[in-house]
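Notes to accompany the following structure.
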Amino acid sequence: MNKILKAQFFVDDLSDDQKTVITNINNYIKQGLTGDTSSVAIIQGAAGTGKSVVLMELVRQYMTDSRYKTSLVVNHPELYKAYQDLAESIPNMKVNSIRRPTSLINYAQKNHKKYDIIFVDEAHLLYSKSEPYAHYRGQNQLTDLMNLAKVVVVVYDFDQVFQSKMYWDKNLLFKTIGSHPYKMFDMNFQYRMVASDEQVAWMDDLTAEKPLKAFPENSDFKFKMFDTAGELFENIKKRNKEVGMSRVVATSGFPRIDGRHNVEMDTFNLPWDEWDPQRTHWAKREGSITQVGTIYTLQGFDLNYVGMIIGPSFGYDKATDTMTIIPEKYSHKEIFKKRKDMKFTQDEYKTFIANVLNVLMKRGKYGLYLTAYDDALRQRLMELATEKE
């Protein structure tokens, strides 16, 4: 089994909190398997709370047991590759039982297949509307999965919603579940980052457009603000040589220059991440150190150090001393895709954009290196960082 993936998804020494959640979900699954209608187990928690670790322990228990008809689905292409990689190294685990949700739904409906348990990671990425371009012609993927299984185990983080076609909030989730039995399993303990609660709160406050303040220095988590993206990149390359799995990431909005749509800022000029048809996911590829990661390659993955470039769609308001979100400068238009069954306000679009930044900032286990494209925002963050020194 790949060591990097094993360290992220399988923990030899589970915490007491994780063991308790697994025991409780196990009891709920066993109860659901004897029921007359499909039931839903909802694992809910913020980024870095160990949701995937808990899910994979359950997957290893049930998907290696021939008594159960099971499947694991995830709509994130890079995470899908990672799970296939893991499955090859788990005894009695069938790689072809891991699918993208559209693939499983279309296959099962065509062949009249039913399952005991379907596990869904990153369920906030399930389509909540028809998406014919992606070959999904149903109306809601969770509804379809519930129709295929006695028990559906889903992992949700509502703060990781950033597209209209994958829009979820608790109201929509409960409306979709309807009269089916369900139970929430909350995970509110931070495991990914060595950051303190106050440091995590600083990241949350930044993206929530709250007044800026200096980053707390009360843990082993390394934070550093850079005046140039070029210097940030040089430091990320050093960390990558020392400990590996260190990458530069950015949010959308960088202008095209001379026909190039790279991330260009001061001396920094690198292309965005590239889709790779091979099984090796982006964060693990050696060549990705010279590319800029996005939510599409990094959601659900750990890095050791993340170099975060806050893109042009974030500015600074001196009057309120806050970072501001500027949707019209966000160039990735998938976020703003219209849908017939619901309309989104400007504030909701701003939340989608804020969620992208929040998720990317929290990819680093040991440190966050930060800079911003907007001059005023970068200067204010530099001021606060300098005051701490």
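Checked for salt-bridge contact, Lys51 and Asp121 miss the test: no charged N lies under 4.0 Å from a carboxylate O. Salt-bridge check for Arg260 with Glu264: passed, with a basic side-chain N closer than 4.0 Å to an acidic carboxylate O. Asp321 has no carboxylate O lying under 4.0 Å from a charged side-chain N of Lys210, or vice versa, which leaves the two without a salt bridge.
Figure legend: cation-pi geometry between Arg363 and Phe301 absent, as NZ or CZ is not positioned both under 6.0 Å from the six-membered ring centre and within 45° of its axis. Taking the ring centre of Phe233 as origin, the terminal cationic atom of Lys237 falls inside the region bounded by 6.0 Å and 45° from the ring axis.
Screening Arg137, His135, Gln141 for a side chain to side chain donor-acceptor pair (under 3.5 Å) with Thr102, the sole residue that qualifies is Gln141. Put simply, the residue from Trp202, Tyr366, Tyr305, Tyr369 that forms a ring-ring contact (aromatic ring centres under 6.0 Å, His included) with Phe223 is Trp202. Of the residues Ile98, Val73, Val59, Val95, the one that meets the side-chain contact (heavy atoms from CB on, under 4.5 Å) test with Tyr83 is Ile98.
The six-membered or imidazole ring of Tyr156 lies near that of Trp168, with a centre-to-centre distance under 6.0 Å. A ring-centre distance under 6.0 Å is found for Tyr182 and Phe174. Here Tyr373 and Phe314 keep their ring centres 6.0 angstrom or further from each other.
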Q: Show your reasoning for whether side chain to side chain contact (heavy atoms under 4.5 Å, CB included) applies to Tyr349 and Tyr330.
A: CA-CA 10 Å; Tyr349 284 129; Tyr330 201 84; over 6 Å; no

Q | Trace of the side chain to side chain contact (heavy atoms under 4.5 Å, CB included) decision for Arg239 with Lys241 | A | CA-CA 5 Å; Arg239 298 291 85 77; Lys241 281 187 178 179; over 6 Å; no

Q: Starting from the C-alpha separation in whole Å, work towards a yes-or-no answer on salt bridge (charged side-chain N to carboxylate O under 4.0 Å, His left out) for Lys150 and Asp116.
A: CA-CA 5 Å; Lys150 294 178 182 177; Asp116 294 312; 3.6 Å; yes

Q.
If you apply the rule side chain to side chain contact (heavy atoms under 4.5 Å, CB included), what do you find for Asn262 with Phe254, and how did you get there?
A. CA-CA 7 Å; Asn262 288 2; Phe254 288 87; over 6 Å; no

**Q.** Test side chain to side chain contact (heavy atoms under 4.5 Å, CB included) applied to Leu142 and Val152, step by step
**A.** CA-CA 9 Å; Leu142 178 57; Val152 182; 4.3 Å; yes

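Taking 4.5 Å as the limit, some side-chain heavy atom of Gln61 sits within range of a side-chain heavy atom of Asn26.
In this model, no donor atom of one side chain and acceptor atom of the other lie less than 3.5 Å apart for Glu274 and Trp282. Side-chain polar atoms of Asn218 and Ser196 form a donor-acceptor pair below 3.5 angstrom.
Taking a 6.0 Å sphere around NZ of Lys110, one finds it holds 12 or fewer heavy atoms contributed by other residues, nucleotides or ligands. Around atom NZ of Lys129, more than 12 heavy atoms belonging to other residues, nucleotides or ligands sit under 6.0 Å away. The environment of Asp220 atom CG is sparse: at most 12 non-hydrogen atoms of other residues, nucleotides or ligands sit within 6.0 angstrom.
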